[in-house]
Each structure stands twice: as C-alpha cells, then as structure tokens.
Amino acid sequence: FQAEDGIRDVERSRGLGDVYKRQAQNIVTSREITSWILRVLTGSEKLSAIGGRFGETLLRTLVKKRLFILTPYLDAEGIKLLYDFCKRGVRITIVTSKQMWKEYYGALKNQNMEIYVTEYPRHDKLFIIDNCLLINTTWNLLLSSRSVESFEIISTNMKKCRDLIHQLVKSARRVTL
C-alpha cells in the first residue's frame, strides 16, 4: 500500500490463515521441546555439546548446596570453578587421579573440600548435584575443553546418590590437607 509519506510497505499481510498456521506450528514446537526436556530429565536422552563451556554453565546453573565430582582430569579453570563454589558455601567432594592431586595440590589444599585420590587410573566421569541430579558424562572438569562431549542428565533420589557416592569414595583414599 502507499503511505502518505511515500514509503511503500513491502511486507504484505498473508491473511488470518497464515496466523493460525504459525500458531499451530508454535504449539507443535512447544510440545516437541517439552517432550525433549522430559526425556533429558528422565535420563532417556543424551546431550552433546562443546564440553568446557556447556559443562561449566550446567554446573553454575544447577549446583546450589552440594557437588560430588568423579573425574580423572582437571585444569586451572576447573579449579577456579571449584574455588567459586567454595566461596558460595557449596560442599564439594572430589575423586580424582593421584597425578591431578599432585599437580593442583597448592590450589586445592586451602579449599573447604573433601578430596579423594584413586590409586589406579579411572576413566569414568560423573557429577552429582545436590544429591538429586546425576550427570554421567564424557567431560572431565576441563573448562578449556573444546571437544564435543556427551551429557546424560538423570533425576534421582537422595538415597541412590548417597549410596553411589559411598561406593565411589570407598574405592579411593581420602587426602588430609
């Protein structure tokens, strides 16, 4: 249509049918997203993402009171993340390799953390958040990681989380600071 100031409106209305069609598409998309979120939360869906930043965002968003970590590898940025959690009052238990303990002893020794070291190398990685959310992953606590990693998020109960933590720390040696 021709406006009074001479500017032509290039986008024309496609009518009410198009509006209804877009609303129907939005409803279908909303249902698909909801279904996907439920699959993720029930553990029947795995996420794949660039490990470092996604893992950090996941932890920073979800951790409130307690964080259990099983990882053979750490980096300086991962240690800084743990330090930030300690400053927030989060209780941290970490099971890691003897090599990582030796490498980051100086950074970890002044933190309020329970640290366990495995005698033999382990390759599994696991995060338990607030005794109710388990993240089984291929991601180590390496924030510098640019690899595509898998994250399986499972909502579970406190008893299962505590039993799992007990089993994992039983197979490691507690480090006294």
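The analysis underlying the following values was restricted to heavy atoms, covering all of them including side chains, and did not include hydrogens, waters or symmetry mates.
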Chemist: For the CD atom of Glu114 and the CD1 atom of Ile69, what is their distance to the nearest 0.5 Å?
Modeler: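 If we round to the nearest 0.5 Å, Glu114:CD and Ile69:CD1 are 12.0 Å apart.
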Chemist: Donor-acceptor pair, distance only, cut-off 3.5 Å: does the side chain of Thr137 make one with the backbone of Lys125?
Modeler: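 Not at all, since once roles are kept as given, no pair shorter than 3.5 Å links the two residues.
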Chemist: Ignoring hydrogens and geometry, is there a side-chain-to-backbone donor-acceptor pair from Ser147 to Glu149 under 3.5 Å?
Modeler: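 Answer holds: no.
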Chemist: When rounded to the nearest 0.5 angstrom, what is the spacing between CG in Leu67 and CG in Leu59?
Modeler: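 The CG atom of Leu67 sits 6.0 Å away from the CG atom of Leu59.
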Chemist: Taking the side chain from Asp75 and the backbone from Leu143, do they hold a donor-acceptor pair closer than 3.5 Å?
Modeler: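 Yes; at least one donor-acceptor contact below 3.5 Å.
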Chemist: Going hydrophobic residue to hydrophobic residue with side-chain gaps under 4.5 angstrom, can you get from Tyr83 over to Leu58?
Modeler: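 No.
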Chemist: Looking at Arg53 and Glu56, is there a salt bridge between them, counting it only when a charged N and a carboxylate O are closer than 4.0 Å?
Modeler: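 Yes, this pair counts.
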Chemist: Could you check whether any side-chain heavy atom of Met100 comes within less than 4.5 Å of a side-chain heavy atom of Val117, counting everything from C-beta outward?
Modeler: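 They are not in contact (no side-chain heavy atoms under 4.5 Å apart), so the answer is no.
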Chemist: Are any of the side-chain heavy atoms of Val169 and Arg174 separated by less than 4.5 Å?
Modeler: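 No, side chains not in contact.
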Chemist: Is a donor on one side and an acceptor on the other found under 3.5 Å between the side chain of Asp130 and the backbone of Lys64?
Modeler: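 Flag set: sc Asp130 to bb Lys64 pair under 3.5 Å.
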Chemist: Which atom pair, heavy atoms only, marks the closest approach of Pro72 to Ser97?
Modeler: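 Result for this residue pair: O-OG, 3.0 Å.
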Chemist: Just do the side-chain contact (heavy atoms from CB on, under 4.5 Å) check on Leu141 and Thr96 with the steps written out, would you?
Modeler: CA-CA 10 Å; Leu141 190 57; Thr96 190; over 6 Å; no
Chemist: Do side-chain atoms of Thr156 reach the backbone of Leu133 as a donor and acceptor pair under 3.5 angstrom?
Modeler: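 Not a single qualifying donor-acceptor pair exists.
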Chemist: In a check of side-chain contact (heavy atoms from CB on, under 4.5 Å) between Arg162 and each of Lys160, Met158, Lys159, which one passes?
Modeler: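 Going through the options one by one, the only one that passes is Met158.
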Chemist: Could you walk me through whether Ile92 and Cys86 pass the side-chain contact (heavy atoms from CB on, under 4.5 Å) check?
Modeler: CA-CA 7 Å; Ile92 297 174; Cys86 285; 3.9 Å; yes
Chemist: Considering residues, nucleotides and ligands other than Phe54, do more than 12 of their heavy atoms fall under 6.0 Å from its CZ?
Modeler: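 Yes, the 6.0 Å shell around CZ holds more than 12 heavy atoms from other groups.
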Chemist: Looking at Asn140, is its backbone amide N or carbonyl O close enough to the side chain of Thr71 to form a donor-acceptor pair, meaning the two atoms are under 3.5 Å apart?
Modeler: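 It does not hold such a pair.
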Chemist: Give, for atom SG of Cys132 and atom CZ of Arg66, the distance between the pair rounded to the nearest 0.5 Å.
Modeler: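 Taking SG in Cys132 and CZ in Arg66, the distance rounds to 12.0 Å.
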Chemist: Could you tell me if the side chain of Ile94 sits less than 4.5 Å from the side chain of Leu74, heavy atoms only?
Modeler: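 Touching, per the 4.5 Å side-chain cut-off.
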Chemist: Kindly assign one of parallel, tilted or perpendicular to the pair Phe151 and Trp139, based on the angle between their ring planes and the thresholds 30° and 60°.
Modeler: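 Ring orientation of Phe151 relative to Trp139: tilted.
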Chemist: Could you give the distance from NZ (Lys65) to CZ (Phe85), rounded to the nearest 0.5 Å?
Modeler: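 It comes to 15.0 Å.
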Chemist: Rounded to the nearest 0.5 Å, how far does CD1 of Ile165 lie from CG of Leu70?
Modeler: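 Spacing of CG (Leu70) from CD1 (Ile165) equals 10.5 Å.
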Chemist: How far apart are the C-alpha atoms of Ile153 and Leu62, what are their side-chain angles, what is the distance that settles it, and do they pass the side-chain contact (heavy atoms from CB on, under 4.5 Å) test?
Modeler: CA-CA 11 Å; Ile153 304 169; Leu62 297 174; 5.5 Å; no
Chemist: Is the closest side-chain heavy-atom distance between Leu168 and Phe68 below 4.5 Å?
Modeler: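 Yes, their side chains come closer than 4.5 Å.
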Chemist: Considering only NZ, NE, NH1 and NH2 on the basic side and carboxylate oxygens on the acidic side, decide whether Arg88 and Asp84 come within less than 4.0 Å.
Modeler: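 Asp84 and Arg88: not salt-bridged.
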